[in-house]
Amino acid sequence: MTAAGEPVPVPEAAGKPLRAARPPRQVTGLRQRLAELRGPATVPHPMDARALAALAANPGCRRRALLDGAGVDKGALASALGAPANFGQSQFAHQRGNSFEARVKADGGADLVRLLHERLRDGSEAPGPGAVATPDLTAPGPQGRTARTALALREATEAGRWALLDHPMVSLDVAGSPAFLEPDAVVVHPDGSWTVVEIKSFPMVDGSADPAKVGAAARQSAVYTLALERVASMIRRPPEDGGDTADAADAVDAVAVETASAASAASAASAASAASAASAASAASAAKTAEAAGGAETAGPVAPAEAAASADPAGTAARERPVTPAEAALRARVRHHVLLVCPKDFSNLPTAEMVDVRKQLAVTRRQLDRLTRIEEIAAALPEGTTFDLRLTDDGRTPTRPVEELTAAVEAVDAAYAPECLSTCELAAHCRTRSRAAGRVEALGRGVRGELGGLTTMDAVLTAAMERPADDAPTGDPTVDALRRAAALRAEALASHPEAVACR
């Protein structure tokens with residue numbers, strides 16, 4: 001929406017006029033509540049794929065879901081609470097990554113596409129000089145860029161040629177709030193499929209890299225793949241008025257705000273019906289062509305592929321006949337293997353490998369579906385709760401008392417684990433509070449799962465040290481194991497009096 005409240009014009013294909021897209025559906029009450037939570041004068045902090053992957057890895061953390069959904073700057077909030085985050089990328093590493101990415105995408109992305117073609121090894125024809133299209137993705141605002149990206153993907157799919165989308169923007173629903181994501185690149189193949197390209201600055205030595213970093217890149221790429229699947233489903237969806245798929249811009253415009261589950265469910269049924277209709281139409285057309293060419297009657301039903309082969313053995317008509325927008329839209333799909341590009345052997349030369357993200361994709365989809373909706377979390381907060389730092393005019397110094405900020409943060413339940421220290425800005429604060437409360441989560445998810453209903457350190461020590469006179473089992477395997485461990489420890493210390501007991 002523009003400042004005057006007018007709908008944002010959506011870019012159309014070449015030769016078509018601009019027309020106003022329908023404004024996305026908005027929940028005014030929720031947006032107003034989220035603005036109150038982060039502060040009326042605070043600009044929403046964008047959520048990237050790295051943060052979204054970390055959120056999906058810990059779906060039980062209502063605190064992070066609410067803060068990310070409201071656009072709260074968790075780094076600034078952690079600093080104001082006195083527990084600043086101690087992780088992140090250095091300025092040198094950031095500059096090196098930008099320099100390497102620019103080298104990879106030089107010459108209009110032709111080298112990058114050739115590198116992808118080499119890693120595919122699918123026997124297809126390599127892209128020649130000038131064969132890679134690079135559409136312009138410029139548009140006002142994240143909603144405009146999301147719509148422009150969807151339009152560029154649709155046009156590139158219809159064109160049936162190689163195309164490189166540099167830093168496109170896609171959206172994904174996160175607990176009822178849209179998150180706008182920006183992959184490094186997306187390559188459109190001549191067959192209509194799309195490949196996510198993830199460019200990292202860590203080295204790949206002899207075709208392998210740090211497994212932890214590769215895993216993090218795979219989880220991040222899975223988020224992009226999930227968001228692109230929404231775009232593909234919207235492109236495959238036939239228009240409601242029965243018109244051509246190329247004119248279904250309203251469906252494409254809705255990509256930025258519709259939920260992933262609703263989009264996937266609606267597009268699956270539409271794509272299936274459209275595929276059936278296209279298959280039937282192709283069979284009828286092929287049968288008519290064969291009958292006109294040979295005039296012979298067939299003894300039974302002829303498969304579409306067999307009829308097409310008999311009518312045109314060389315496949316010349318298939319290559320010369322232009323692909324209609326409807327046929328091109330039906331073949332839009334996202335590949336589940338992403339291209340990971342890294343420096344080769346500590347040099348600045350790029351090398352790449354294909355990474356299968358199907359497992360990460362399934363986990364991310366399942367975890368995002370489990371996230372509690374943001375409006376439910378916000379509705380359970382005490383009246384007047386806000387995370388506004390009340391910054392000074394320079395926008396750097398918070399004036400909100402630490403006690404008020406702490407109370408606001410503690411009003412939302414958190415699910416701390418040691419893994420949060422490398423993914424969440426508030427992890428240091430949550431760790432301090434968890435240790436102060438004696439929660440067993442501070443020892444790790446594995447320990448927390450083994451202890452069952454014992455949720456505090458005091459409860460664990462009490463269960464381990466309280467031994468009945470008859471030493472009979474309690475029936476609780478966790479308590480019995482703790483008491484057995486305490487007895488073994490006591491025997492070990494008694495047999496070595498010179499040993500110092502652990503505290």
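The first residue in the sequence is number 1, and the count goes up from there.
A side-chain donor-acceptor contact under 3.5 Å links Ser79 to the backbone of Gly75. The closest donor-acceptor contact from the side chain of Asp210 to the backbone of Phe202 lies at 3.5 Å or more, if one exists at all. No donor-acceptor pair under 3.5 Å is formed between the side chain of Arg38 and the backbone N or O of Leu67. Using modelled atom types, no side-chain atom of Ser434 and backbone atom of Cys430 make a donor-acceptor pair closer than 3.5 Å. A donor-acceptor pair under 3.5 Å is absent between the side-chain atoms of Ser208 and the main chain of Met204, judged by distance alone. Between the side chain of Ser99 and the main chain of Gln95, no donor-acceptor pair closer than 3.5 Å is present. Between the side chain of Thr149 and the main chain of Met169, a donor-acceptor pair closer than 3.5 Å is present. Checked by atom type and distance alone, the side chain of Lys213 never pairs as donor or acceptor with a backbone atom of Pro203 at under 3.5 Å. No donor-acceptor pair under 3.5 Å is formed between the side chain of Asp107 and the backbone N or O of Ala110.
Side-chain contact between Tyr224 and Glu198 is present, with heavy atoms from C-beta onward closer than 4.5 Å. A 4.5 Å side-chain heavy-atom check between Gln143 and Arg148 finds every atom pair outside the cut-off. For the pair Asp166 and Lys105, the minimum side-chain heavy-atom distance is below 4.5 Å. Contact check for Arg154 versus Leu151: side-chain heavy atoms found under the 4.5 Å cut-off. Put simply, the side chain of Leu361 does not reach to within 4.5 Å of the side chain of Val223, judged on heavy atoms. Asp48 places none of its side-chain heavy atoms less than 4.5 Å from the side chain of Phe180. The shortest side-chain heavy-atom distance between Leu339 and Glu353 does not fall under the 4.5 Å cut-off. Between Lys344 and Pro350 the shortest side-chain heavy-atom distance does not fall below 4.5 Å.
Looking only at atom types and distance, the side chain of Thr392 has a donor-acceptor partner in the side chain of Asp394 under 3.5 Å away. Side-chain contact check for Trp194 and Thr157: at least one donor-acceptor pair (N or O, by modelled atom type) lies under 3.5 Å. Of the N and O atoms on the side chains of His336 and Glu229, at least one donor lies less than 3.5 Å from an acceptor on the other residue. No hydrogens or angles considered: a donor-acceptor pair under 3.5 Å links the side chains of His189 and Thr195. Side chains of Arg335 and Ser193: a donor-acceptor N/O pair is present below 3.5 angstrom, by distance only.
Atom CZ of Arg103 and atom CG of Asn348 lie 5.0 Å apart (nearest 0.5 Å). Taking NE2 of His337 as the start and CG of Leu120 as the end, the distance is 10.0 Å to the nearest 0.5 Å. Atoms CG and CG, from Leu55 and Leu368 in turn, are 7.0 Å apart once rounded to the nearest 0.5 Å. From Lys74, atom NZ reaches atom NE2 of His45 across 6.5 Å, with rounding to the nearest 0.5 Å. The distance from atom CG of Leu443 to atom CZ of Arg448, rounded to the nearest 0.5 Å, is 11.0 Å. We find the CZ-CG distance between Arg230 and Leu172 to be 6.0 Å, quoted to the nearest 0.5 Å.
The two residues Ala218 and Val357 make their nearest non-hydrogen contact at O-CG1, 3.8 Å. Here the shortest heavy-atom pairing between Cys420 and Ala415 reads SG-O, 4.2 Å. The shortest heavy-atom contact between Ser171 and Thr146 is OG-CG2, 4.1 Å. The nearest pair of heavy atoms linking Cys61 to Ala414 is SG-CA, 4.0 Å. Minimum heavy-atom separation, Ala185 to Pro168: CA-CD, 4.2 Å. Shortest non-hydrogen contact noted between Ala152 and Leu165 is CB-CD2, 4.2 Å.
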What verdict does the side-chain contact (heavy atoms from CB on, under 4.5 Å) test give for Leu153 and Leu228, after you've listed the backbone C-alpha separation in whole Å, the side-chain angles of each residue and the deciding distance to 0.1 Å? CA-CA 10 Å; Leu153 287 169; Leu228 281 169; 3.9 Å; yes
Working note: Asp191 + Arg333, criterion side-chain contact (heavy atoms from CB on, under 4.5 Å); need CA distance, chi angles, decisive distance, verdict. CA-CA 10 Å; Asp191 63 355; Arg333 62 182 178 87; 3.8 Å; yes
Between Arg373 and Glu375, does a salt bridge (charged side-chain N to carboxylate O under 4.0 Å, His left out) hold up when you go through it step by step? CA-CA 6 Å; Arg373 298 189 66 84; Glu375 57 264 31; 2.8 Å; yes
Between Leu34 and Ile374, does a side-chain contact (heavy atoms from CB on, under 4.5 Å) hold up when you go through it step by step? CA-CA 9 Å; Leu34 296 181; Ile374 292 178; 3.6 Å; yes
Please step through side-chain contact (heavy atoms from CB on, under 4.5 Å) for the pair Glu425 and Leu77, ending with a clear verdict. CA-CA 9 Å; Glu425 294 84 346; Leu77 180 60; over 6 Å; no
Is there a side-chain hydrogen bond (donor to acceptor under 3.5 Å, both in side chains) between Ser347 and Asp345 once you walk through the steps? CA-CA 5 Å; Ser347 67; Asp345 300 335; over 6 Å; no
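Heavy-atom contacts from other residues, nucleotides or ligands closer than 6.0 Å to CZ of Arg445 number more than 12.
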